[in-house]
Structures are given as C-alpha cells and as structure tokens.
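Since the structure comes first, as structure tokens, the remarks are kept for the end.
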Amino acid sequence: MVQNAIVRRVIDGEVVEVNLLRQTECGLHCDGACEGCSQKPPQDIVATASNTIGAKPGDFVEVEPTVGHNIGVSAVVFLMPCIGLAAGYLVGQAALSLSEAAALGTAVLGLGLGFVPAYLLNRSMTRHQAPEFKILKFMKL
C-alpha cells in the first residue's frame, strides 16, 4: 500500500526516518471545519525508509512497504509453540507413559520451549532491522 510521508532526518546515506501521514477522507485540506473531520492525529507514525532518490529532511515523498519474510516469521512465531505443545504432550503421554496431568505438564514445558525460537528471532530482527519502507518518488504539497 503506497502512503505519503515527510522525511524527518537522514540516518545514514541510504536510510532516512520518515513521518507517515495518515489518510483521511478530506486529505486534511478542510482545516477541520467540517463536522465529520477526524483531523490529523496528535501522534506521529515514525518509520525508516531506504532512500534511493536522495530525499532530504522536509521533503514530501511517496513510500511503499518493503516485502519481507512475513510467512517464515509467522510460522516461527505461531507454529513453533503449537508444535512444542503437541510434542511435549506426546512425549509425556506416549514415550514416558505419564498420567494425563503429568503429560499436561510436559506439554506446558514443550510450549515454553516452542517460544524460544520466536524470542531469538525477535532479538535478531531487532538488532538487524532493515528499513520498513522504500521511497518511490517525490510528491508535491
């Protein structure tokens, strides 16, 4: 989804920080005079963007999200705890021949172990965060 943004500052030569402009029905050209105007929200939405066109602070630009590895991340975050839960229950029930209550305990242990890959992935992504958007072109105000 293409959005409009204003460049806030240059982080390094190829990466800038941008304020994303929220889309409203009137485009904020009515100065809040109409009854249904939601006006510009007080909080800024700040993101990083790759700057291949040489935008400078104050420039009004059009950005689009970069395509990431969303399916792989979703699989790790959501499926690994489920797999750990099921594996923990099966190990407790079948392999260790534990009672139902004890097998539920091993299932909870497996669930906890399933969250470890999600935690490690989050730490890795936080340390090596790539720009969330790509600047497409300059826009006129």
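- Here A87 pairs with nothing under the side chain to side chain contact (heavy atoms under 4.5 Å, CB included) rule; sequence neighbours left out.
- Every residue meeting the side chain to side chain contact (heavy atoms under 4.5 Å, CB included) condition with S124, not counting sequence neighbours, appears here in chain and number order: H128.
- Taking CG from L21 and CD from Q3, the interatomic distance works out to 8.5 Å, rounded to the nearest 0.5 Å.
- Side-chain heavy atoms closer than 4.5 Å link hydrophobic residues (I, L, V, M, F, W, Y) into clusters, and following such links, possibly through other members, connects I45 to I135.
- Listed by first and then second residue, the side chain to side chain donor-acceptor pair (under 3.5 Å) pairs that reach into residues 84-94 are Y89-E100, sequence neighbours excluded.
- Nearest heavy-atom pair across F60 and N4 is CZ-CB, 3.8 Å.
- Rounding to the nearest 0.5 Å places CZ of R127 at 10.5 Å from CG of N122.
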Under 3.5 Å, side-chain donor or acceptor atoms of residues 104-116 against the rest of the protein: list the pairs with distances, not counting sequence neighbours.
{"unit_1": "T106", "atom_1": "OG1", "unit_2": "G88", "atom_2": "O", "d": "2.7"}
{"unit_1": "T106", "atom_1": "OG1", "unit_2": "A103", "atom_2": "O", "d": "2.7"}

Just do the side-chain contact (heavy atoms from CB on, under 4.5 Å) check on V16 and I11 with the steps written out, would you? CA-CA 5 Å; V16 295; I11 295 174; 5.9 Å; no
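- F138 is connected to V18 through a chain of hydrophobic side-chain contacts under 4.5 Å among Ile, Leu, Val, Met, Phe, Trp and Tyr, so both are in one cluster.
- Listed by chain and number, the residues in a side chain to side chain contact (heavy atoms under 4.5 Å, CB included) with E132 are A47, T48, Q129 (sequence neighbours excluded).
- Within 6.0 Å of atom CZ in F78, 12 or fewer heavy atoms from other residues, nucleotides or ligands are found, so the atom counts as exposed in its surroundings.
- Residue L98 is found in a hydrophobic cluster whose other members, listed by chain and number, are V91, L96; membership requires side-chain heavy atoms under 4.5 Å apart, directly or through intermediates.
- By the salt bridge (charged side-chain N to carboxylate O under 4.0 Å, His left out) test, R123 is found to be paired with no residue, residues two or more places apart in sequence or in another chain being considered.
- Between the CG atom of L121 and the CE atom of M80 there is a distance of 11.0 Å, given to the nearest 0.5 Å.
- No side-chain heavy atom of D59 sits less than 4.5 Å from a side-chain heavy atom of I6.
- At a threshold of 4.5 Å between non-hydrogen side-chain atoms, the residues K56 and V10 do not count as touching.
- Residues P131 and S50 approach most closely at CB-N, 3.6 Å, considering heavy atoms.
- Scanning for side chain to side chain contact (heavy atoms under 4.5 Å, CB included) contacts around L136 gives V2, E62, E64, with sequence neighbours left out.
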